Protein chains: 2
Amino acid sequence: MASEASRPAVDAMANPELACPISPVVDIVFSRWTTPILWSLNTFGRQRFVELERRIKGITPKVLTQRLRQLERDGMVVRTYHPEVPPRVEYEISELGRSLAPLFGHIAEWATTNLEHVERARRHYDDAGAPRG
Amino acid sequence: MASEASRPAVDAMANPELACPISPVVDIVFSRWTTPILWSLNTFGRQRFVELERRIKGITPKVLTQRLRQLERDGMVVRTYHPEVPPRVEYEISELGRSLAPLFGHIAEWATTNLEHVERARRHYDDAGAPRG
DNA sequence: CGGTATCCCTTCTGATACTG
DNA sequence: CAGTATCAGAAGGGATACCG
């Protein structure tokens, strides 16, 4: 195996000890509400606060603000303030955020082929699969 | 665009309206503690409860049980109970769970090239980037 | 419009103790 | 060993109201 510093990314799947190397990414990218936000910004382009609020069904302004701030801090989205009356704020995905697109594509692909397997497993488990022992 | 039923997975990136199609996967795969568990099982193979408990630093038996049950219900892991004294239970990743390996690989790859960008963005934001407006 | 402030409540989690 | 039971505490959201 290669050294820690020069190890190719794929080798991470075989990296022993300690926590799994994808946990940090999960914290950044896959927190609640972040994927719909990134998805919306990536799909529909630059949007205002209300547009996002309306698009992302069920989110409250407080939570939307929190997540947008976090995503802005992490460099995933860019916030632009226009000092007008009424004020106008636009959010757009950054280059760093856009680099997640292929990843999201892979996840979507996994979903289309495997989500039904999960559903099936759940039904099977709920019918008779409760753990014995 | 193709119809809803036959649409290729990658087109999901352009799917309009409603929530983003990867949210269900996020709920299943990227809940707290699930990635370290799947990672450990995928990397080190079949393991007993205590082995997982010791390997995954900081997890409590209660939470480990909860997550393992959920993963078992979703068909990601297989639980095998050996009625011996003392009892022995082994967990291993399922075929469905193993199908996530390439995905995890992509995430790990993204991490190695982009995680430092995130760190940099955070420092920059914390230094002077607080939103004005 | 684009938020913030406040309150409340559910969920998640940790610690501890105990059992077959 | 492989959990379960119980309780307490923290965190994350939601609802509502208000502000520049």
Side-chain angles (χ1 to χ4, degrees), chain A residues 19 23 26-37 40-41 44-74 77-93 125 129-133, chain B residues 19-20 23 26-37 40-41 44-74 77-92 125 129-133:
Chain A
S23 288
V26 173
D27 291 339
I28 295 168
V29 178
F30 299 109
S31 303
R32 198 148 136 82
W33 293 116
T34 55
T35 51
I37 293 172
S40 180
L41 288 176
F44 303 103
R46 184 170 52 238
Q47 285 164 82
R48 304 175 64 165
F49 188 87
V50 255
E51 298 182 274
L52 285 169
E53 190 179 353
R54 280 195 273 257
R55 184 106 58 192
I56 299 164
K57 190 88 174 165
I59 198 170
T60 60
K62 188 185 77 172
V63 175
L64 180 55
T65 301
Q66 288 175 345
R67 298 283 84 127
L68 283 172
R69 286 288 184 279
Q70 179 191 325
L71 289 170
E72 186 193 3
R73 191 174 100 102
D74 290 345
V77 309
V78 178
R79 176 181 183 271
T80 309
Y81 174 73
H82 304 272
E84 311 165 355
V85 262
R88 185 163 56 94
V89 176
E90 290 184 313
Y91 293 92
E92 62 180 318
I93 198 162
Y125 182 94
R132 49 255 166 261
Chain B
C20 80
S23 287
V26 172
D27 290 340
I28 295 168
V29 178
F30 299 109
S31 304
R32 199 152 138 79
W33 293 117
T34 55
T35 50
I37 292 172
S40 179
L41 289 175
F44 303 103
R46 185 169 52 237
Q47 284 164 81
R48 305 177 63 166
F49 188 87
V50 255
E51 298 183 273
L52 285 169
E53 190 179 352
R54 280 194 271 258
R55 185 106 57 191
I56 300 166
K57 191 88 175 166
I59 198 170
T60 59
K62 189 185 73 171
V63 175
L64 180 56
T65 301
Q66 288 174 346
R67 299 281 85 128
L68 283 171
R69 288 286 185 278
Q70 179 191 324
L71 289 170
E72 185 192 4
R73 190 174 101 102
D74 290 344
V77 309
V78 178
R79 176 182 183 269
T80 309
Y81 174 73
H82 303 271
E84 311 167 354
V85 263
R88 185 163 56 95
V89 176
E90 290 183 314
Y91 293 92
E92 63 180 317
Y125 182 95
R132 51 254 163 263

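Model, not experiment: these values are computed from the prediction. Atom set for the values below is all heavy atoms of this structure, side chains included, hydrogens, waters and symmetry mates excluded.
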So, is [X] near the phosphate of [N], with a side-chain N or O under 4.0 Å from OP1 or OP2?
X: A/Arg88; N: C/dG2; answer: no
X: B/Tyr91; N: D/dG3; answer: yes
X: B/Arg48; N: D/dA2; answer: yes
X: B/Arg79; N: D/dA2; answer: no
X: B/Arg69; N: D/dT4; answer: yes
X: B/Arg67; N: D/dG3; answer: no

On DNA chain D, compare the nucleotides closest to B/Glu90 and B/Lys62; which residue's is nearer the 5' end? B/Glu90
Both A/Pro61 and A/Arg32 contact DNA chain D. Which one's nearest nucleotide lies toward the 5' end? A/Arg32
Distance check needed: [N] [atom2] versus [X] [atom1], whole Å only.
X: A/Trp33; N: D/dG13; atom1: CH2; atom2: C1'; result: 9 Å
X: B/Leu52; N: D/dC1; atom1: CG; atom2: C1'; result: 13 Å
X: B/Gln47; N: D/dC1; atom1: CD; atom2: P; result: 15 Å
X: B/Leu68; N: D/dA2; atom1: CG; atom2: C1'; result: 11 Å

Check for a donor-acceptor pair, side chain of B/Thr34 on one end and backbone N or O of B/Val29 on the other, with a separation under 3.5 Å. yes
Would you say the side-chain atoms of B/Thr65 pair up with the backbone N or O of B/Pro61, donor to acceptor, closer than 3.5 Å? yes
Would you kindly compare A/Pro86 and A/Gln66 by the position of their nearest DNA chain C nucleotide and give the one closer to the 5′ end? A/Pro86
